[in-house]
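Source: prediction; values computed, not measured. Read the numbers this way: they start at 1 and go in the same order the structure lists the ligands and their atoms.
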Amino acid sequence: MRLAERMKLLGTETAFEVLARAKALEAQGRKVIHLEIGEPDFNTPANIRTAAKKALDDGYTHYGPAPGLPEIRKVIAEYMTKKSGVEFTQAQVMVTPGGKPIMFFSILALVDPGEEVIYPNPGFPIYESVISFVGAKPVPLALREEREFRFDIAELEGLITKKTRMVILNSPQNPTGGMLTRDDLQEIAKLAVEHDLIVLSDEIYSRIIYDGFTHTSIVQFPGMQERTIVLDGFSKTYAMTGWRLGYGLMPEALLPYVAQLQINSNSCTASFSQIAGIEALVGPQDEAQRMVVEFKRRRDVIVDGLNKIPGFKCLKPRGAFYVFPNIRGTGRSSRELAELLLNQADVACLSGTAFGDYGEGYLRFSYANSVENIQIALERISGLVSRL
Ligand code: PLP
């Protein structure tokens, strides 16, 4: 079939491809440990499931308004006001099927062909994909291990040109688990104001942070609320990946255009998912907190285990549920090693290059899996590396 030219510009998320390949191996009887996909293995907390069942019985089975049901938009505005210390109203809240459409919609709505968007590399692959798809130029901003995967502000400044329209931030970060500091964000905010840039701040992992570190949103700094789109959602914090529920906070003047993109694509977000989302935000938070405690336990196990494997060097990330070990000491490329791990050791993970060119020399493991499985995976990785 002849495809439209623009399809050549669209990238993908390799995690879904590797997951499909791992499932195919399982269908042949192999027992693969899944450390490829960024999805909590926990069940959605019971109070949220109960709220969804009740919502179905109460008739939340119809189309709703494109920007989201007023009830949840109000709750999200209150939640974000409390979380960020910046006043938000429901007119700034756009509810979408997962946080991902906020990337697509905000880039489509704001970036013209030929303009430039600076994005973290290694980073979530959909940023680069969508930037290219709209005919804009993706400008990678390197995240380096030496800086604990925080980018260098001077390097960011050096990439800004007259054509720069947007900067994408993601903290805590996928795939490295790195976090920007308050000082970093303050400096980035100054640059954004000085150069009149839009900031897309992907804060989907902002509730999954360890060791007493705290999350700061760039929206808190002077002059930022009118130029920032905050992306957040329920997938990671409340183990709700399959519910497809996320949101963006944005300037009120932008929202009708983003809503128009929603009307042209999804119409709206599932109504009963939105009602369950209200319970997630206002109900007890203890299960969400327990998940973070368990993620931290797993992080410590996988970081310690990887650092014992010859050729591996792994930083201890501050947030999210990924580790991004340096594997240069094995003498293999990232892709080669990821392939060998899947095909010869039944461990599914992602090559660092799935997150951009600056990911060469690294692998990404998601530790959203049990400690028992992580330990088995570590033994298998160690065994494979010793045979190389
Ligand atoms: N942003 C980042 C950095 C992610 O890693 C993900 C999911 O993997 C998302 C956004 C989107 O999540 P969802 O669409 O499930 O809310």
task: Give the ring-plane orientation class for Phe104 versus Phe133, where under 30° counts as parallel, over 60° as perpendicular and anything between as tilted.
output: tilted
_Between Gln90 (side chain only) and Arg73 (backbone N and O only), is there a donor and an acceptor less than 3.5 Å apart?_
no
| field | Glu36 with Arg21: basic N within carboxylate O range, under 4.0 Å | value | no
Residues passing the salt bridge (charged side-chain N to carboxylate O under 4.0 Å, His left out) test with Lys23, sequence neighbours excluded, are none
Sorted by chain and residue number, the residues having a heavy atom closer than 4.0 Å to an atom of ligand 1 are Gly98, Gly99, Lys100, Met103, Phe124, Tyr127, Asn170, Asn174, Asp202, Ile204, Tyr205, Ser235, Lys236, Arg244
For residues 366-388, the salt bridge (charged side-chain N to carboxylate O under 4.0 Å, His left out) pairs (sequence neighbours left out) are none
Applying side-chain hydrogen bond (donor to acceptor under 3.5 Å, both in side chains) to Glu39 and not counting sequence neighbours gives Thr241
